[in-house]
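Read the numbers this way: they start at 1 and go in the same order the structure lists the ligands and their atoms.
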Amino acid sequence: MSDPIVIIGAGQAAAAFAGKLRMLGADRPLTIVGDEPVLPYQRPPLSKKYLVGEAAFDRLLLKPPAWYETNAVTMLTSRRAVAIDRAGRLVRLEDGEELPYATLVLATGSTPRRLPAAIGGHLAGVYTLRGKADADALMADFQPGRRLIVVGGGYVGLETAAVARTRGLEVTVVELADRILQRVAAPATADLVRTLHREHGVDILEGAAVARLIGAGGRLVGAELTDGRVIDADLAVVGIGVAPNAELAAAAGLAVDDGILVDEVCRTTDPDILAVGDCARFPYRGRSIRLESVQNAFDQGEAAAAALVGAGGAYQPQPWFWSDQYDAKLQIAGLHHGYDDTLQTDGPRPGSHAVWYFAGGRMIAVDALNFPAAFVTAKKLLEAGKAVSRADVETKPLKELLG
Ligand SMILES: Cc1cc2nc3c(=O)[nH]c(=O)nc-3n(C[C@H](O)[C@H](O)[C@H](O)COP(=O)(O)OP(=O)(O)OC[C@H]3O[C@@H](n4cnc5c(N)ncnc54)[C@H](O)[C@@H]3O)c2cc1C
């Protein structure tokens, strides 16, 4: 075999890398090693349509099963990589098999943070949501009338809360920070989303910390908050963020700092090893960032493949994201980090709003709730690098902003 490529991790970024490589005509031997028992699939529906029971798993697959054979991609499922031998250029699998590589791609994703076992994180009925197996287990426990505690008011937690309400569960969200969505959105967006959930009967407790989960016979029966309140519960979903899967990289001596450090063409500190998707931390406008989104996994996977075969340059992300809760759609363009001003505008129908973020007088991001025109406009403006001020947004119709 000449110059084999091995990808560790079989998710969104791996599929994008493999697809782009073959699209560009590169025929180097390619093997994808994934520890899940299924072909690469989309994760977002796991807290949305799949969890409600409205999307069959087949519809989540990123590529049809026949694609792998047609494109000469060896897909290993239920196989875990446990070590990288950089000197010998080998990937070692859990079952002892060794795969030689000339180029190695780390697309290992991230893992949800858990509550420690010492405070009940290990109890039956306590879930995190990352993969199909998690969603399947949760679905079986989502019975009408059951009481769910969602620990963490981020997107995955709030989406899960929305699905649970739709399925007839009683839901309490417990958020440690003084408001939901604190890490990812401005207060104005959090206000809109909080209202949405309260209208659907979700109890949202902000500035409230879980002291411990209470068990009986090994199964969750409630939670005690640090202020002494006790909430009865049949199940809990812990959505308190993720950690990048960087252990293999660190053990192999690659530079790691809350993510595997890569340059603008996705190379780690070993030029024969690339990293893409949730697990990678990359340079962006003078800083180093890590993104946890489909946009990033897809675009970075494609960018790495193009750069590898000399068909592309630096990865320059145009970040966007979405979240579906009940029948509301939140669409986010840009990154709001470093904003110093926001402006809320209303869309054409009740319940449609946009929160615009500005830094130094220039629009840097928008959160659009049921307002696709604002999302699309902001996304195009950001992609074009066009400067838009608060006064522009206040005074001009959306179409004119694009001018
Ligand atoms: C419930 C949920 C909802 C989401 N909703 C949205 C959304 O609405 N919009 C959005 O943009 N993003 C959303 N995301 C985030 C998005 O799905 C991720 O950012 C994206 O999947 C990252 O792709 P990735 O390829 O980097 O990692 P992943 O898709 O996580 O794939 C990594 C794969 O590598 C495997 N792996 C790890 N280590 C090894 C190893 N040593 N050996 C073999 N295999 C290994 C993992 O098991 C996994 O299968 C959501 C995520 C979740 C979990």
Side-chain angles (χ1 to χ4, degrees), residues 6-19 31-51 60 62 75-84 91-95 97 99 104-113 127-135 138 152 154-160 162-163 184 237-239 241-252 259-260 262 266 274-282 290-302 304 317 319-325 329-333:
V6 173
I7 306 178
I8 304 180
Q12 191 88 43
F17 181 97
T31 300
I32 305 178
V33 185
D35 58 1
E36 292 185 76
V38 287
L39 295 173
Y41 61 94
Q42 307 170 50
R43 279 172 215 285
L46 297 182
S47 54
K48 308 179 182 73
K49 281 200 153 64
Y50 183 75
L51 196 59
L60 273 47
L62 288 164
M75 181 66 229
L76 306 180
T77 51
S78 297
R79 305 286 294 280
R80 185 165 178 77
V82 292
I84 302 164
V91 172
R92 191 160 307 121
L93 306 189
E94 201 166 27
D95 54 19
E97 192 183 347
L99 305 176
L104 175 63
V105 182
L106 302 175
T108 47
S110 52
T111 301
R113 295 182 205 281
Y127 296 92
T128 53
L129 183 51
R130 182 72 197 174
K132 176 182 185 292
D134 303 324
L138 193 55
Y155 285 123
V156 169
L158 291 169
E159 288 175 359
T160 309
V163 171
V184 289
V237 171
V238 178
V242 297
N245 293 329
E247 298 82 357
L248 276 183
I260 305 164
V262 296
C266 312
L274 314 177
V276 288
D278 277 18
C279 69
R281 176 171 284 278
F282 59 92
R290 205 170 59 70
L291 294 174
E292 295 155 11
S293 71
V294 166
Q295 170 277 318
N296 178 62
F298 183 86
D299 292 346
Q300 199 175 26
E302 285 209 332
W320 60 269
F321 190 82
W322 78 97
S323 177
D324 299 335
Q325 297 173 37
K329 189 172 231 8
L330 183 64
Q331 294 168 294
I332 297 153

Salt-bridge criterion met for [X] and [Y] (N-O under 4.0 Å):
| X | Y | result |
| --- | --- | --- |
| Arg92 | Glu97 | no |
| Glu292 | Arg281 | no |
| Lys329 | Asp324 | yes |
| Arg79 | Asp95 | yes |

Closest approach of any protein heavy atom to [atom], naming residue and atom:
| atom | answer |
| --- | --- |
| atom 42 (N) of ligand 1 | Ala81 N, 3.0 Å |
| atom 26 (O) of ligand 1 | Asp278 N, 2.9 Å |
| atom 27 (O) of ligand 1 | Gly109 CA, 3.3 Å |
| atom 13 (C) of ligand 1 | Pro44 CG, 3.7 Å |
| atom 39 (C) of ligand 1 | Arg80 NH1, 3.6 Å |
| atom 3 (C) of ligand 1 | Ser47 OG, 3.3 Å |
| atom 48 (C) of ligand 1 | Arg43 NH2, 3.3 Å |
| atom 33 (C) of ligand 1 | Ala10 N, 3.6 Å |

So, does [X] use its side chain to make a donor-acceptor pair with the main chain of [Y] at under 3.5 Å?
| X | Y | value |
| --- | --- | --- |
| Asp134 | Gly131 | yes |
| Thr77 | Leu39 | no |
| Arg130 | Thr111 | no |

### Side-chain H-bond candidate by donor/acceptor type, Tyr41 with Gln12, under 3.5 Å
no

### Task
State whether a side-chain donor-acceptor pair under 3.5 Å links Asn245 with Thr108.
no

Identity of the nearest option to [atom], non-hydrogen atoms only, from [options]:
| atom | options | answer |
| --- | --- | --- |
| atom 37 (C) of ligand 1 | Thr108, Thr77, Leu330 | Thr108 |
| atom 24 (P) of ligand 1 | Ser110, Pro40, Ala13, Cys279 | Ala13 |
| atom 31 (O) of ligand 1 | Ala14, Ala15, Gly11 | Gly11 |
| atom 16 (C) of ligand 1 | Val294, Thr160, Asp324, Asp35 | Val294 |

### Summary
All heavy atoms of Cys279 vs all of Pro244, minimum pair found to be CA-CB, 4.0 Å

Where ligand 1 meets [X] - atom numbers and elements under 4.0 angstrom, heavy-atom basis:
| X | result |
| --- | --- |
| Ser293 | 11 (O), 12 (N), 19 (O) |
| Ile8 | 40 (C), 41 (N), 42 (N) |
| Val33 | 43 (C), 44 (N) |
| Leu129 | 1 (C), 53 (C) |
| Gly277 | 26 (O) |
| Ala297 | 22 (C), 23 (O) |
| Leu248 | 41 (N) |
| Glu292 | 19 (O) |

### Query
Are Arg43 and Glu36 close enough, and set up right, to give a salt bridge (charged side-chain N to carboxylate O under 4.0 Å, His left out), and what steps lead you there?
CA-CA 13 Å; Arg43 279 172 215 285; Glu36 292 185 76; 2.9 Å; yes

### Query
Is the closest heavy-atom distance from Gly34 to ligand 1 below 4.0 Å?
yes

### Query
Looking only at heavy atoms of Arg79, does any of them come nearer than 4.0 Å to an atom of ligand 1?
yes

Polar atom proximity, [X] to ligand 1 (N or O, under 3.5 Å):
| X | result |
| --- | --- |
| Lys48 | yes |
| Glu36 | yes |
| Trp320 | no |

Heavy-atom check, side chain of [X] versus side chain of [Y], under 4.5 Å:
| X | Y | result |
| --- | --- | --- |
| Phe282 | Leu291 | yes |
| Leu62 | Phe298 | no |
| Glu302 | Phe17 | no |

### Message
Just to be sure I read this right, does ligand 1 sit under 4.0 Å from the backbone of Asn296, its side chain, both, or neither, counting only heavy atoms?
### Response
neither

### Query
Under 4.0 Å from ligand 1, counting heavy atoms only, is it the side chain of Trp322, its backbone, both or neither?
both

#### Entry: Heavy atoms from other residues, nucleotides or ligands near NZ of Lys49 exceed 12 (cutoff 6.0 Å)
no

### Summary
In Thr160, Thr128, Leu46, the residue satisfying side-chain contact (heavy atoms from CB on, under 4.5 Å) with Leu138 is Thr160

